[in-house]
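A, B, ... follow the sequence lines: proteins, then strands. Residue 1 opens every chain. Because the structure is a prediction, the values reported are computed rather than measured.
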There are 2 protein chains.
Amino acid sequence: MRYSAVTIKDLARELGVSTSTVSRALRDSYEINPETKKMVMECAKRMNYQPNPIALSLKERKSRSIGVIVSEIANSFFSKAINGIESAAHERGYNVIIAQTQESYRKELSILEFLASRSIDGLLISIATETRNMEHFAALHARGLPLVFFDRITEDINTHTVVADNFQGSYEATSHLIGNGYRRIAHVTNSKNLSITQERLKGYRQALKDHQIPADKSYVQYCHHGGMIHSELENAFNNLMELRPLPDAIFAGGDKLTTGCLKILRSRGIKIPEEMALAGFSNSDLAEVTEPPLTVVKQPAFEMGRTATELLLELIESKRPVEEFEKRKFATRLLVHRSSIRPALTSIG
Amino acid sequence: MRYSAVTIKDLARELGVSTSTVSRALRDSYEINPETKKMVMECAKRMNYQPNPIALSLKERKSRSIGVIVSEIANSFFSKAINGIESAAHERGYNVIIAQTQESYRKELSILEFLASRSIDGLLISIATETRNMEHFAALHARGLPLVFFDRITEDINTHTVVADNFQGSYEATSHLIGNGYRRIAHVTNSKNLSITQERLKGYRQALKDHQIPADKSYVQYCHHGGMIHSELENAFNNLMELRPLPDAIFAGGDKLTTGCLKILRSRGIKIPEEMALAGFSNSDLAEVTEPPLTVVKQPAFEMGRTATELLLELIESKRPVEEFEKRKFATRLLVHRSSIRPALTSIG
DNA sequence: TTGAAAGCGCTAACAT
DNA sequence: ATGTTAGCGCTTTCAA
């Protein structure tokens, strides 16, 4: 059974006027007699007329919907960013179509093809951790599809980007660990090719450097799948546990990695922060009620989503090709909790 | 700048044939010369032709997209259910448009209007906690839009439904608390009008009854906004703390309520489970690393999402009106952790 | 085996 | 002030 709506034609027939009169009346055109307008409006309301957006889309060659590609909505940063995206999009009459890569490059490719073939007007992208090659994005961009990257961005494509100040967030968190007496700080992070990985790594390294702590490459562990594959984070962690001297703190570069490290530490009975401190990027609401409460770097996810969307809609609705691209950067916030505070008694200094 | 795709017309011009020939060749029609077919296919590939789904939609009067209405995607149950929904929908070439009510009836109304006007083919709905009146759904259903309710359902509309066995989950959790020596078990739950609230309440009451524990109405606190408004849960909690005798356990009937109670108990320094045990419905991955680890009733969210979608697509693609409606019910799982286990020393029995 | 033409719902240029 | 018509991309009779 098909749901069939009232069309402009039905109204025209009902009223004995032409479809164009109805169309113009509904759009409140100046060239329509006020009385006719009123008559049409009333009839439309009475018959519960709803314009068919598909016909409109076909005509205007746009669908008033935008796509969003993220790694997974269960990620606390992305679910909040999506709230921001939806709020900005709906305000301006746009639909949002969400798709998840689960950090997989293959999925990213197929999703991109899927979305492109669904006539979306533009795309918000946060790149999967597995992805190294940007050609699939470049091809679409070259064909004129408006693109805005957020959070995990690429330099390869010349368009708007929205990011958190990952360097700052990472620098602050690492400095905080150092300030609490930790010296052998490991860094568990996403795949090397990701923009956020590189920036966070830089912040981490700079903090070590500024405090005259030598950086050791083996203290940095990359998770090619962003902790999406459980064994991967386990391996990274095992690698760290084989190091001598043992790290005394872990700074994690992503939502799943932060909570993942917490789970592993807990499951192995390693005391936090006595034996190993933990801090990391996360937007989880539960950070303060875990055991121990987690020190986290929070990104303004909602605002970032909103801004990315506004920039995308600007691109979509711009009459002329946009030449100037913005790089918006948002400050992060460090929320300090017990997981990274060295207890007074065991302080080594 | 507009992204403009290759059309069937471009192919026809390129090859010097008619658009109908191209169309038929692409659809592999029997009445087209194999050589022509091959030629068209090659040209389509070469020019990177992608059929315009909007034109198709207009023609077929369907959009190959379904809407999903949930309270919020940051909810651990819904984010996983949505994964299931997307997996089933994408498999069959459907788009998913997600919208969030934030538990607000008003938002539910406007979202419904928005989605209905965007020519979706069907709708998956989990009702907002504020909603009491089902007329907005009934009106759409009456107009022939396929609807499937999941998780928070209504009896008022005759269609497929997908739920967890809320009674069972609630019964088991409450019985578990009783088995651990708790007798004064409070229940913090969603708005009274919600289906899940009623079923979970029944399970809770039945468990009390089966163990000869008198039910006290004041031990049940309803949150009309599902804990979405912070003060609401605070109030509910305060009400419980004024009771004498004081409850010795809380059983929470929803994701946000469970973690919300944890936060409140923690912030007030009330020891869990010594002073107050806690258990509740939640699909959070962090339940086992909170302090204390939480006893939770888990729903098979992914499977529920998949099933709801399959039922909806069945409805959408059915040639004749569907008369027989299914009520799918999924078993829940009780994961016991420390938050509900009475320590041996303080055991009263 | 192929082409011409109509039509899905809507808008807008062009009549009148 | 209103009507006629063409066209957005595609499929599908109907003709040839």
Legend entry - Per B/N52 side chain, nearest of listed nucleotides D/dC10, D/dT4, C/dC10: D/dC10

Legend entry - Interatomic distance where CG belongs to B/L56 and P belongs to C/dG9 [whole Å]: 15 Å

Inset, instruction - Starting from P on C/dT2, measure out to OH on B/Y30 and report it in whole angstrom. - result: 13 Å

Inset, instruction - Give A/T36 one of three labels, base, sugar-phosphate or nothing, depending on what nucleic acid heavy atoms sit under 4.0 Å from its own. - result: sugar-phosphate

Inset, instruction - Go through C/dC10, D/dG9, C/dG3 for me and flag the one nearest to the B/T7 side chain. - result: D/dG9

Legend entry - Out of C/dT1, D/dT4, D/dC10, whichever nucleotide has its closest atom nearest the side chain of B/Y49: D/dC10

Inset, instruction - Considering just the side-chain nitrogens and oxygens of A/K37, establish if one lies under 4.0 Å of OP1 or OP2 belonging to D/dA1. - result: no

Legend entry - Distance test, side-chain N/O of A/K62 to OP1/OP2 of D/dC8, below 4.0 Å: no

Inset, instruction - Go through D/dT2, C/dT2, D/dG9 for me and flag the one nearest to the A/N33 side chain. - result: D/dT2

Legend entry - Which nucleotide in C/dT2, D/dT2, C/dC10 has an atom nearest any side-chain atom of A/I8: C/dC10

Legend entry - A/I32 CD1 to C/dT16 P, straight-line distance once rounded to whole Å: 18 Å

Legend entry - Steps toward salt bridge (charged side-chain N to carboxylate O under 4.0 Å, His left out) verdict (B/R328, B/E303): CA-CA 11 Å; B/R328 298 279 183 93; B/E303 272 310 316; over 6 Å; no

Inset, instruction - Could you tell me whether the side chain of A/R61 has a donor or acceptor atom within less than 3.5 Å of a complementary atom in the base of D/dG9? - result: no

Legend entry - Value in whole Å for how far the P atom of C/dG9 lies from CG of A/D10: 8 Å

Legend entry - Position toward the 5' end of DNA chain D (nearest nucleotide), B/K59 or A/V22: A/V22

Legend entry - Minimum-distance nucleotide (side-chain atoms of B/R27 versus C/dC10, D/dT11, D/dT4): D/dT11

Inset, instruction - Please check if the distance between the ring centroids of B/H136 and B/Y105 is under 6.0 Å. - result: yes

Legend entry - Euclidean distance, B/D121 CG relative to B/I66 CD1, rounded to 0.5 Å: 9.0 Å

Inset, instruction - Round to a whole Å and report the spacing from CZ of A/R24 to C1' of C/dA12. - result: 8 Å

Inset, instruction - Taking A/S191 for its side chain and A/T129 for its backbone only, find out whether a donor-acceptor pair lies under 3.5 Å. - result: yes

Inset, instruction - Could you work out which one of D/dT11, C/dC10, C/dG3 sits closest to the side chain of B/T19? - result: D/dT11

Inset, instruction - Name all pairs fulfilling the side chain to side chain donor-acceptor pair (under 3.5 Å) condition that reach into residues 40-51 of chain B, sequence neighbours left out, sorted by first residue then second. - result: none

Legend entry - Under-4.0 Å side-chain N/O to phosphate OP1/OP2 contact, B/S23 with D/dC10: no

Inset, instruction - Among the candidates C/dT2, C/dC10, D/dT2, find the nucleotide nearest to the side-chain atoms of A/A55. - result: C/dC10

Legend entry - First encountered from the 5' end of DNA chain D, between B/E31 and A/E31: A/E31

Legend entry - Check: A/S20 side chain, D/dT4 base, donor-acceptor under 3.5 Å: yes

Inset, instruction - Test B/H225 against every option in B/E130, B/Q102, B/E103 by the side-chain hydrogen bond (donor to acceptor under 3.5 Å, both in side chains) rule and name the one that passes. - result: B/E130

Legend entry - Listed nucleotide nearest any side-chain atom of A/T21, set D/dT2, C/dT1, C/dG9: D/dT2

Inset, instruction - Can you tell me the distance, in whole Å, between the CZ atom of A/R13 and the C1' atom of C/dC10? - result: 15 Å

Inset, instruction - Round to a whole Å and report the spacing from CG of B/L58 to C1' of C/dC10. - result: 9 Å

Legend entry - Between C/dC10 (C1') and A/K9 (NZ): distance, integer Å: 11 Å

